[in-house]
There are 2 protein chains.
Amino acid sequence: MREYYSITELTREFDISTRTLRFYEDEGLVQPVRRGRTRLFRPTDRHLIRQILRGRRLGFSINEIREIIQMYKEPPGEVGQLKLMIKRIEEKRGELRQKRRDLEETLAELDHAEESCVERLVELGVNT
Amino acid sequence: MREYYSITELTREFDISTRTLRFYEDEGLVQPVRRGRTRLFRPTDRHLIRQILRGRRLGFSINEIREIIQMYKEPPGEVGQLKLMIKRIEEKRGELRQKRRDLEETLAELDHAEESCVERLVELGVNT
DNA sequence: ACGTGAATTGACTTTTACGTAAACGCCATG
DNA sequence: CATGGCGTTTACGTAAAAGTCAATTCACGT
């Protein structure tokens with residue numbers, strides 16, 4: 001496990017711009033350390049980026065991603081906070097399950113659409 | 001099956017604004033008929049709205065949603081078009097499968113986070 | 001005929017998530 | 001030593017997806 005990653009290394013690995021990474025830093029999603037003024041990203045930052053991009057692909061906003069990331073962190077020490085956190089996690093899971101239903105339905109419709117296309121090709125006597 | 005739905009009926013059903021529906025019309029995603037100036041949405045428009053919102057929840061842009069909707073329509077008559085369409089459908093399915101992986105991973109991490117919270121509660125001697 | 005509520009159009013505004021450009025520091029290499 | 005490459009900050013720009021507001025315009029019930 002490497003200790004530090006430069007910003008351009010990560011932009012290449014994840015195919016995002018430096019602007020994007022700096023933006024995520026401004027938003028408090030990652031906290032690279034500094035050597036002088038240059039940013040050094042640690043494995044934990046790298047993993048966070050992975051999580052951010054996952055959230056992004058799922059259509060979550062930066063704020064929602066921030067919330068989700070909070071949930072991955074060390075659980076709080078106080079009972080009320082813990083219960084609240086669990087409730088929030090439940091809510092997010094609800095959203096994700098909704099997304100999963102949406103996804104399966106969309107996939108099913110695409111399957112159906114493809115079938116229609118294939119049938120049509122067969123009708124036209126195309127060798128598949 | 002009702003023949004027509006008014007714009008406000010649909011805004012209530014789907015919890016979106018009239019502005020949003022008109023925007024979707026401008027974008028050519030739905031084509032309600034007109035009686036004078038007022039829009040009359042048919043069941044097919046209603047179903048399209050359902051599909052649009054599904055796409056939106058999955059983080060697809062309007063353009064991507066437009067593409068997907070094209071795929072649901074009658075398959076084209078020409079062989080080249082059909083093959084192209086099938087290729088596009090395959091691509092979209094790829095995207096959706098990526099989203100599904102993202103989703104499962106996120107759900108898994110949330111499960112893990114919740115477990116940590118519950119464990120912590122048990123440590124604190126809270127009666128769950 | 002008249003007021004009231006629902007719908008319409010059009011213009012302007014807002015938010016999000018970056019893009020882009022300018023201007024500069026640091027340093028290794030030819 | 002200057003050139004390229006990578007890094008920085010600050011600031012302004014922008015596209016997408018609506019929200020908001022103003023000014024009508026119907027449709028109707030009385």
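Note that these values count all heavy atoms, side chains included, but never hydrogens, waters or copies made by symmetry. Predicted model only: the values in this text are computed from it and were never measured. Every chain is numbered from 1 and lettered A, B, ... according to where its sequence line falls, protein lines coming before strand lines.
B:L29 contributes atom CG, which lies 10.5 Å from atom CD of B:Q51 (distance to the nearest 0.5 angstrom). Atom CZ of residue B:R50 and atom CD of residue B:E13 lie 6.0 Å apart, to the nearest 0.5 angstrom. Taken from OH in B:Y24 to CZ in B:R19, the straight-line distance is 11.0 Å, to the nearest 0.5 Å.
B:R56 comes within contact range of the sugar-phosphate backbone alone, with a heavy-atom separation under 4.0 Å but no base atom that close. In this structure, A:T18 reaches neither bases nor backbone, as no heavy-atom distance under 4.0 Å exists between it and the strands shown. Residue A:R12 is in sugar-phosphate contact alone, with no base atom involved, counting any heavy-atom pair closer than 4.0 Å across all strands shown. Nucleic acid contact for B:R34: sugar-phosphate only, since backbone atoms but no base atoms lie under 4.0 Å from a heavy atom of the residue. Backbone-only engagement by B:S17 is indicated by non-hydrogen atom pairs under 4.0 Å involving sugar-phosphate atoms exclusively.
Comparing B:I62 and B:T38 along DNA chain D, the residue whose closest nucleotide (by nearest heavy atom) sits nearer the 5' end is B:I62. Ranked by how close their nearest DNA chain D nucleotide is to the 5' end, B:F60 and B:G36 are led by B:F60.
Taking 4.0 angstrom as the limit, B:Y24 places none of its side-chain polar atoms (N or O) nearer than this to OP1 or OP2 of D:dA17.
Under the 4.0 Å criterion applied to side-chain N and carboxylate O atoms, B:R88 and B:E67 are not assigned as salt-bridge partners. A:R54 has no carboxylate O lying under 4.0 Å from a charged side-chain N of B:E104, or vice versa, which leaves the two without a salt bridge. Salt bridge status for A:D45 with A:R42: present, with a side-chain N to carboxylate O gap under 4.0 Å.
Atom P of nucleotide D:dA17 and atom CD1 of B:I65 are separated by 8 Å, given to the nearest angstrom. Rounded to an integer number of Å, the gap from A:D15 CG to C:dG19 P is 11 Å. In this entry the distance linking CZ of B:R35 with P of C:dA6 reads 16 Å, nearest Å. Rounded to whole Å, the distance from CG on B:N63 to C1' on D:dA16 is 9 Å. The CD1-C1' distance, from B:I52 to D:dA16, rounds to 15 Å in whole Å. Counting to the nearest Å, the C1' atom of D:dA18 and the CG atom of B:L21 are 12 Å from each other. Here C:dT8 presents its P atom at 17 Å from CZ of B:F23, a figure rounded to the nearest Å.
Between the side chain of A:R19 and the base of C:dT20, a donor-acceptor pair under 3.5 Å is found. Taking only distance into account, the side chain of A:R39 never meets the base of D:dT8 through a donor-acceptor pair shorter than 3.5 Å.
Closest to the A:R22 side chain, of the nucleotides D:dT9, C:dA17, C:dA7, is D:dT9. Proximity note for B:R37 (side chain, C-beta onward) versus C:dT16, D:dT20, C:dT8: the nearest is C:dT8. Side-chain proximity of B:T8 to the nucleotides D:dA17, C:dA6, C:dA17 is greatest for C:dA6. Nearest to the side-chain atoms of B:S6 among the listed nucleotides C:dA7, D:dA11, C:dA17 stands C:dA7.
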